[in-house]
Amino acid sequence: MSSIKIECVLRENCRCGESPVWEGASNSLLFVDIPAKKVCLWDSLSKRVQRVAVDAPVSSVALRQLGGYVATIGTKFCALNWENQSVSVLATVDKEKTNNRFNDGKVDPAGRYFAGTMAEETAPAVLERHQGSLYSLFPDHSVKKYFDQVDISNGLDWSLDHKIFYYIDSLSYSVDAFDYDLQTGQISNRRIVYKMEKDEQIPDGMCIDAEGKLWVACYNGGRVIRLDPETGKRLQTVKLPVDKTTSCCFGGKDYSEMYVTCARDGMDAERLLKQPDAGGIFKITGLGVKGIAPYSYAG
């Protein structure tokens, strides 16, 4: 595997970069910087970045079939019109929990937008526990709540046959699976498919590859790991030159490149000197495996 190449393609200095999504139509990478309250679009051809500022922490972004994007901003599911930089609210959750915000989110194969909440952190990964819930926004803008008592709702994706939903609650230090009913969006039969090892640290964002294996970004672990959800075995570790790796997705014209976001919040000056690309966007090539295109919200 010596052909793997890792490069920082964008030195964005994100406080907490998250939710990378490849937009094939524009050869661009979408991502957010949660505490900086901005959604970014990096054109891989021109290398230019466009940024849209919003009025609350923005924790995930996704493509929308109608055009534009959807995003989780504060505790709201929102539509984002990139042309005029306007945001419209589609639904609001956790109204009684004023200290909560959304975290990671992703669209399922039927066009529903799944995202979970958490309490605002007092420091990275330090927060009041069990305050979050997992939700999905259906195409008719109705919201379904699946469960509560979540610490840090994080990475999520679906198996290639759409029958399993994979999910990470970061402070459980595991990757979980549910049986998934694509027709109804129902989940059931929660179980652990992978337990993190100590040096892997905190499981964060996640994506699936074209072979049905999961890739998990390890916050404070400075790596992405490839897992076989059927055997529960780690297949591969790719280390990055930054500690606070947050999420990953496949992109490029044939989805053979991996893009990784990371954070710099919580790092002191000495660590930032040693990791000057912290908060940047990394591209990994030579993995020998491809991903699949992201789904778009159908509402």
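For this chain, numbers begin at 1 and follow the sequence in order.
- Applying the side chain to side chain donor-acceptor pair (under 3.5 Å) criterion to D277, with sequence neighbours excluded, gives R11.
- Checking side-chain atoms of T246 against main-chain N and O of G17 turns up a donor-acceptor pair under 3.5 Å.
- Scanning for side chain to side chain donor-acceptor pair (under 3.5 Å) contacts around N220 gives K244, with sequence neighbours left out.
- Scanning for side-chain contact (heavy atoms from CB on, under 4.5 Å) contacts around T92 gives T75, K76, V89, K95, with sequence neighbours left out.
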Walk me through whether W82 and Q50 qualify under side-chain hydrogen bond (donor to acceptor under 3.5 Å, both in side chains).
CA-CA 10 Å; W82 199 263; Q50 296 174 301; 3.2 Å; yes

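- Among residues at least two apart or in separate chains, there is no ring-ring contact (aromatic ring centres under 6.0 Å, His included) pair with a member in residues 266-291.
- Note on residues 281-299: pairs passing side chain to side chain donor-acceptor pair (under 3.5 Å), not counting sequence neighbours, are H162-Y295.
- A distance-only check finds no donor-acceptor pair linking the side chain of T245 to the backbone of A217 [under 3.5 Å].
- With sequence neighbours excluded, no residue forms a side chain to side chain donor-acceptor pair (under 3.5 Å) with S19.
- Between E257 and K5 there is no salt bridge, since no side-chain nitrogen of the basic residue lies less than 4.0 Å from a carboxylate oxygen of the acidic one.
- Side-chain atoms of K195 come within 3.5 Å of backbone N or O of S172 as a donor-acceptor pair.
- Not counting sequence neighbours, the partners of F178 by the ring-ring contact (aromatic ring centres under 6.0 Å, His included) test are F147, F165.
- Among residue pairs with one or both ends in residues 222-231, those qualifying as side chain to side chain donor-acceptor pair (under 3.5 Å) are D199-R223, D209-R226, E211-R226; sequence neighbours excluded.
- Not a single side-chain contact (heavy atoms from CB on, under 4.5 Å) links E96 to another residue, sequence neighbours left out.
- The main-chain N or O of K97 is never found under 3.5 Å from a side-chain atom of D94 such that the two would form a donor-acceptor pair.
- The closest side-chain heavy-atom distance from I164 to Y180 is not below 4.5 Å.
- Between the R64 side chain and the G299 main chain, a donor and an acceptor come within less than 3.5 Å of each other.
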Verdict with reasoning, N99 to Q131, per side-chain hydrogen bond (donor to acceptor under 3.5 Å, both in side chains):
CA-CA 9 Å; N99 193 42; Q131 297 304 301; over 6 Å; no

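- Of the residues D204, T237, V238, V216, the one that meets the side-chain contact (heavy atoms from CB on, under 4.5 Å) test with V224 is V238.
- In summary, the aromatic rings of Y135 and F77 are positioned with their centroids too far apart to meet the 6.0 Å limit.
- Between the side chains of S159 and Y166, no donor N or O sits under 3.5 Å from an acceptor N or O.
- Sorted by first then second residue, the salt bridge (Lys or Arg N to Asp or Glu O under 4.0 Å) pairs that include residues 163-188, not counting sequence neighbours, are D176-R190, D179-R191.
- Put simply, the side chain of R112 gets close to the backbone of L182: a donor and an acceptor are under 3.5 Å apart.
- For the side-chain contact (heavy atoms from CB on, under 4.5 Å) test, residues two or more places apart in sequence or in another chain that qualify with R129 are D151, L171.
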Using a 3.5 Å cut-off and no angle test, enumerate the donor-acceptor pairs between side-chain atoms of residues 27-36 and protein atoms at least two apart in sequence or in another chain.
from, atom 1, to, atom 2, distance (Å)
S28, OG, S26, O, 2.9
S28, OG, S26, OG, 3.1
D33, OD1, R15, N, 3.3
D33, OD1, C16, N, 2.9
D33, OD2, R15, N, 3.0

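- Using modelled atom types, no side-chain atom of T122 and backbone atom of L127 make a donor-acceptor pair closer than 3.5 Å.
- Looking at heavy atoms from C-beta onward, W215 lies in side-chain contact with L287 at the 4.5 angstrom threshold.
- Side-chain N or O atoms of R264 include none that pairs as donor or acceptor with a backbone N or O of G279 at under 3.5 Å.
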